[in-house]
Amino acid sequence: MIHLSPAAISEIGRLQLKQQPNSLFRLAIKVGGCSGWFYDMSFDQNVTMNDRVFDVSGIQVLIDHESLNYLNGLALDYSEDLMGGGFRFHNPQSIATCGCGMSFSMITPISV
């Protein structure tokens with residue numbers, strides 16, 4: 001489904017401890033941004049009937065039903081450079097990304 005690099009796992013764990021240690025990592029896509037879609041990451045204590053929960057290398061990841069098809073095959077990485085740190089999204093369904101790397105356009109989603 002999705003892959004988290006060791007650096008992404010470490011950073012998500014660090015951020016999770018600053019939020020609420022028992023929260024789950026929520027990953028979604030939403031309409032917006034300069035390329036049509038953007039990635040949304042948050043921490044959540046609530047799992048709805050619309051969510052699927054995945055254990056990805058020890059991180060509990062919540063993905064809502066609408067986002068699920070668009071995130072299939074996503075690889076999430078984290079890296080730091082001279083401009084600071086940030087998450088990097090590598091989505092095989094993305095056909096173009098904007099300069100910020102958070103907004104993208106994509107091909108038609110594949111059913112999961």
Quick check: closest heavy atoms across I9 and S57, and the distance to 0.1 Å? CD1-CB, 3.2 Å
Is it the case that one hydrophobic cluster holds both [X] and [Y], taking links as side-chain heavy atoms less than 4.5 Å apart, direct or via other members?
X: F89; Y: L4; result: yes
X: V47; Y: M1; result: no
X: V53; Y: M41; result: no

Just so I know, are the side chains of [X] and [Y] near enough to count as touching, which here means a heavy-atom distance under 4.5 Å?
X: L62; Y: F25; result: no
X: L24; Y: Q45; result: no
X: I29; Y: F38; result: no

With distance as the sole test, does D64 use its side chain to make a donor-acceptor pair with the main-chain N or O of A28 at under 3.5 Å? no
Under the salt bridge (Lys or Arg N to Asp or Glu O under 4.0 Å) rule, what pairs show up with a residue in residues 17-26, not counting sequence neighbours?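 Listed by first then second residue: R26-D44, R26-D51.
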Could you check L76 against H3 for side-chain contact (heavy atoms from CB on, under 4.5 Å), going step by step and ending with a plain yes or no? CA-CA 6 Å; L76 181 59; H3 173 75; over 6 Å; no
Which distance, rounded to the nearest 0.5 Å, do you find between the [atom1] of [X] and the [atom2] of [Y]?
X: E66; Y: K30; atom1: CD; atom2: NZ; result: 10.5 Å
X: L27; Y: I2; atom1: CG; atom2: CD1; result: 5.5 Å
X: I12; Y: L17; atom1: CD1; atom2: CG; result: 12.5 Å
X: Y78; Y: L15; atom1: OH; atom2: CG; result: 7.5 Å

Apply side-chain contact (heavy atoms from CB on, under 4.5 Å) to Q16 and list each qualifying residue two or more places apart in sequence or on a separate chain. S23, F43
Hits for side-chain contact (heavy atoms from CB on, under 4.5 Å) against H90, two or more places apart or cross-chain, chain-then-number order -> A75, D77, R88
